[in-house]
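Note sheet for the following structure.
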Amino acid sequence: MTIFVTGGAGYIGTHVILELLEQGYAVVAADNFVNSKPSAVARIKQHSGIDFSFYEMDIRDSGRLNEIFTAHCIDCVVHLAGLKAVGESVEQPLGYYANNLDSTISLLSAMRAHEINKIVFSSSATVYSGNNEMPLTEESRIGDCINPYGWTKFMCEQILTDCARIGDGCAVALLRYFNPIGAHESGLFGEDPRDTPNNLMPFIAQTAMGKFSHLNIYGGDYETPDGTGIRDYIHVVDLALGHVAAIHYLCKHPGVSTFNLGTGRGVSVLELVTAFEQSTGISISKKIIARRPGDLAICVADVEKAKRELSWESKKSLHDACTDTWRWQSTNPNGYDS
Ligand code: NAD
Ligand code: UD1
């Protein structure tokens with residue numbers, strides 16, 4: 001089976017390609033490197049010992065997509081390309097809507113023209129409304145997104161759902177990721193943020209490297225056992241394996257299927273910092289400051305549907321995620337440029 005991976009040079013894309021190659025899939029990938037580097041692709045080829053076609057291109061370029069779909073017989077698409085910085089999406093809403101929606105629309109049009117009818121889409125827990133009971137099931141209320149990034153995921157889910165209705169035999173998997181963390185155990189692949197990291201785990205790792213004097217903890221007065229926010233942190237390799245499971249699933253299940261990809265376990269900011277300290281032996285200075293606008297107290301997945309229908313569940317521990325993050329960060333202090 002040949003899988004076309006968009007956003008293949010990114011944090012999740014590199015791990016998805018590694019797992020696909022490992023399991024014998026043929027891969028064709030594309031990325032415009034707006035938030036990634038060509039060296040990530042070179043590392044995948046070197047580490048796996050497998051060459052694959054890679055296209056430096058914008059997924060909005062329908063001419064290039066048509067060329068690729070003519071040159072390769074694609075069985076399924078994994079669509080990861082997208083802009084994902086929440087704060088930036090508030091400052092540049094049009095850029096976010098244009099990139100994330102137009103790339104999805106171009107891709108779906110080219111797929112339709114070439115009769116490719118299976119797609120796995122990277123959605124996010126951010127599509128869930130803030131007024132749900134925890135844990136979140138796939139039936140929990142969606143919408144009321146608090147930033148343009150979240151709305152792009154919500155709208156792409158709708159576009160994919162509408163397209164699946166008209167396409168005979170179309171199969172769509174909407175994967176709602178919770179909080180991906182960790183890195184490949186080889187130490188060669190991981191998250192390589194462009195600027196100051198917004199997300200917790202890369203910020204902890206860079207603080208451990210001495211890039212920052214301390215970690216700011218956004219809020220110590222939430223209604224949680226230790227007062228800090230609780231999230232569902234999933235190891236990126238487990239997440240990548242969730243994509244492989246979704247591809248299997250699509251071969252037998254037409255229509256639209258939605259899955260939470262998380263662990264089902266809630267971990268507080270302080271618990272994650274402590275796990276990192278225990279796994280690495282490095283102590284992290286921290287200060288509790290005001291809450292970050294838009295943050296929820298708790299966001300945790302109900303993962304029973306993915307376990308039942310995808311026969312997939314996360315296997316790696318928080319300790320694995322901390323150890324793997326640190327191996328990647330400490331041996332690649334400047335990310336893929338190291
Ligand atoms: P990433 O930024 O590392 O990877 C996305 C890749 O897409 C980048 O390599 C970027 O260069 C590429 N890209 C963006 N727009 C493109 C375009 N128009 N044409 C070609 N390439 C383009 O992010 P990631 O963490 O790997 O996330 C992958 C997907 O998963 C994204 O769609 C993101 O929104 C979604 N997601 C990520 C998280 C997370 O925490 N990392 C959580 C939920 C959902
Ligand atoms: C954020 C995005 C979400 C996106 C996800 C990708 C917001 C509001 N939400 O989720 O849309 O899908 O990233 O992974 O930005 N924290 C600190 N100090 C920090 C950074 C974070 O205390 O320096 C806390 C946060 O308050 C939160 C937890 O750590 O309680 C996790 O934060 P983060 O990693 O940014 O992820 P989310 O906010 O869950």
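Start at 1 and go down the list; that is how both ligands and their atoms are numbered. It should be emphasised that the depicted structure is a prediction, and the values quoted were computed from it without experimental measurement. Counting begins at 1 with the first residue of the sequence. Both backbone and side-chain heavy atoms feed into the values below; hydrogens, waters and symmetry mates do not.
- Counting the atoms of ligand 1 from 1 in the order shown, those under 4.0 Å from a heavy atom of S36 are 8 (C), 9 (O), 11 (O).
- When only interatomic distances are considered, the shortest N/O to N/O separation between P293 and ligand 2 does not fall below 3.5 Å.
- A heavy-atom separation below 4.0 Å is found between K153 and ligand 1.
- For the pair S124 and ligand 2, a heavy-atom separation below 4.0 Å is found.
- Protein heavy atom nearest atom 28 (C) of ligand 2, with residue, atom name and distance: Y233 OH, 3.5 Å.
- At the shortest separation from atom 5 (C) of ligand 1 among protein heavy atoms lies G82 O, 3.7 Å.
- Screening D324, T323, T331 for a side chain to side chain donor-acceptor pair (under 3.5 Å) involving R327 leaves a single residue, D324.
- Between D320 and K315 there is no salt bridge, since no side-chain N of the basic residue sits under 4.0 Å from a carboxylate O of the acidic one.
- In terms of polar-atom proximity, I12 is counted as a contact of ligand 1, with an N or O under 3.5 Å from an N or O of the ligand.
- The neighbour count for N334 CG, taken as heavy atoms of other residues, nucleotides or ligands under 6.0 Å away, is above 12.
- Between S186 and H184, the side chains place a donor N or O and an acceptor N or O closer than 3.5 Å (distance only, hydrogens not considered).
- I288 and I298 fall into different hydrophobic clusters, where Ile, Leu, Val, Met, Phe, Trp and Tyr side chains are chained together by heavy-atom contacts under 4.5 Å.
- Every atom of ligand 1 with a heavy atom of V34 under 4.0 Å away is listed here by number and element: 10 (C), 11 (O), 13 (N), 14 (C), 15 (N).
- Given atom 40 (O) of ligand 1, the protein heavy atom at minimum distance is P180 CD, 3.2 Å.
- Considering each of N216, L272, I217, T224, the one bringing a non-hydrogen atom nearest atom 18 (N) of ligand 2 is N216.
- In M57, the part holding a heavy atom less than 4.0 Å from any atom of ligand 1 is the backbone.
- Scanning the protein heavy atoms around atom 22 (C) of ligand 1, the nearest turns out to be N32 OD1, 3.1 Å.
- Ion pairing between a basic and an acidic side chain is recognised when a charged N comes within 4.0 Å of a carboxylate O; E191 and K84 show such pairing.
- We find that K118 and D75 are not joined by a salt bridge, their nearest charged nitrogen and carboxylate oxygen being 4.0 Å or further apart.
- Taking atom 4 (C) of ligand 2 as the reference point, the nearest protein heavy-atom neighbour is Y149 CE2, 4.2 Å.
- With atom 13 (O) of ligand 2 as the reference point, the heavy atom nearest to it among N199, I289, V269 is part of N199.
- Numbered from 1 in the order shown, with element, the atoms of ligand 2 that lie under 4.0 Å from a heavy atom of T126 read 11 (O).
- Ligand 1 has a nitrogen or oxygen under 3.5 angstrom from a nitrogen or oxygen of L80.
- Only side-chain heavy atoms of V86 come within less than 4.0 Å of ligand 2; its backbone N, CA, C and O stay farther off.
- Residue, atom and distance of the protein heavy atom nearest to atom 2 (O) of ligand 1 are N35 ND2, 2.7 Å.
- Ligand 1 has no nitrogen or oxygen under 3.5 angstrom from a nitrogen or oxygen of S123.
- The local environment of CD in Q23 is crowded, with over 12 non-hydrogen atoms from other residues, nucleotides or ligands closer than 6.0 Å.
- Contacts of A30 with ligand 1, taken as heavy-atom pairs under 4.0 Å, are absent altogether.
- Proximity of Y149 to ligand 1, defined as any heavy-atom pair under 4.0 Å, is confined to the side chain (atoms from C-beta onward).
- In this structure, atom 10 (O) of ligand 2 lies nearest to the protein heavy atom N179 ND2, 4.0 Å.
- Of the polar atoms of L83, none of the N or O atoms is found under 3.5 Å from an N or O of ligand 1, judged by distance alone.
- Taking NZ from K307 and CG from N260, the interatomic distance works out to 12.0 Å, rounded to the nearest 0.5 Å.
- Near F33, meaning under 4.0 Å from one of its heavy atoms, ligand 1 places the atoms 11 (O).
- Shortest contact from atom 39 (O) of ligand 2 to any protein heavy atom: R231 NE, 2.6 Å.
- Remark: minimum distance from atom 8 (C) of ligand 2 to any protein heavy atom is reached at D295 OD1, 3.5 Å.
- Within 6.0 Å of the CD atom in E185, the count of heavy atoms belonging to other residues, nucleotides or ligands does not exceed 12.
- Going from atom CD of E19 over to atom CD1 of I247 covers 11.5 Å, rounded to the nearest 0.5 Å.
- Protein heavy atom in closest approach to atom 34 (O) of ligand 2: L200 N, 2.8 Å.
- Grouping the Ile, Leu, Val, Met, Phe, Trp and Tyr side chains by contacts below 4.5 angstrom, directly or via other members, places Y218 apart from F203.
- Only the backbone of N198 comes within contact range of ligand 2, with a heavy atom under 4.0 Å; no side-chain atom does.
- Side-chain N/O atoms of T258 and E138 include no donor and acceptor closer than 3.5 Å.
- Remark: ligand 1 and K84 share an N or O pair separated by less than 3.5 Å (distance only, no angle test).
- In terms of protein heavy-atom proximity, atom 32 (O) of ligand 2 is nearest to R292 NH2, 3.4 Å.
- Taking a cut-off of under 4.0 Å to the non-hydrogen atoms of G10, the atoms of ligand 1 that pass are 3 (O), 4 (O), 9 (O), 26 (O).
- Residues L101 and C156 form a side-chain contact, since some pair of their non-hydrogen atoms from C-beta on lies under 4.5 Å apart.
- Both tests pass for R176 against the ring of Y128: distance under 6.0 Å to the centre and angle within 45° of the axis.
- Interatomic distance, N199 CG to I204 CD1, rounded to the nearest 0.5 Å: 11.0 Å.
- Contacts of N99 with ligand 1, taken as heavy-atom pairs under 4.0 Å, involve the side chain alone.
- In the vicinity of S122, heavy-atom distances shorter than 4.0 Å reach the ligand 1 atoms 29 (C), 30 (O), 31 (C), 32 (O), 35 (C).
- Taking atom 11 (O) of ligand 1 as the reference point, the nearest protein heavy-atom neighbour is D31 OD1, 2.7 Å.
- With a 6.0 Å radius and a threshold of 12 heavy atoms from other residues, nucleotides or ligands, E309 has its CD atom above the threshold.
- For N66 and H114, the side-chain atoms include at least one donor-acceptor pair closer than 3.5 Å.
- A donor atom on one side chain and an acceptor atom on the other are found under 3.5 Å apart for H79 and T104.
- Within the cation-pi definition used here (under 6.0 Å to the ring centroid, within 45° of the axis), K305 qualifies as a partner of F259.
- Closest to atom 19 (C) of ligand 2, if we only count protein heavy atoms, is Y218 CE1, 3.3 Å.
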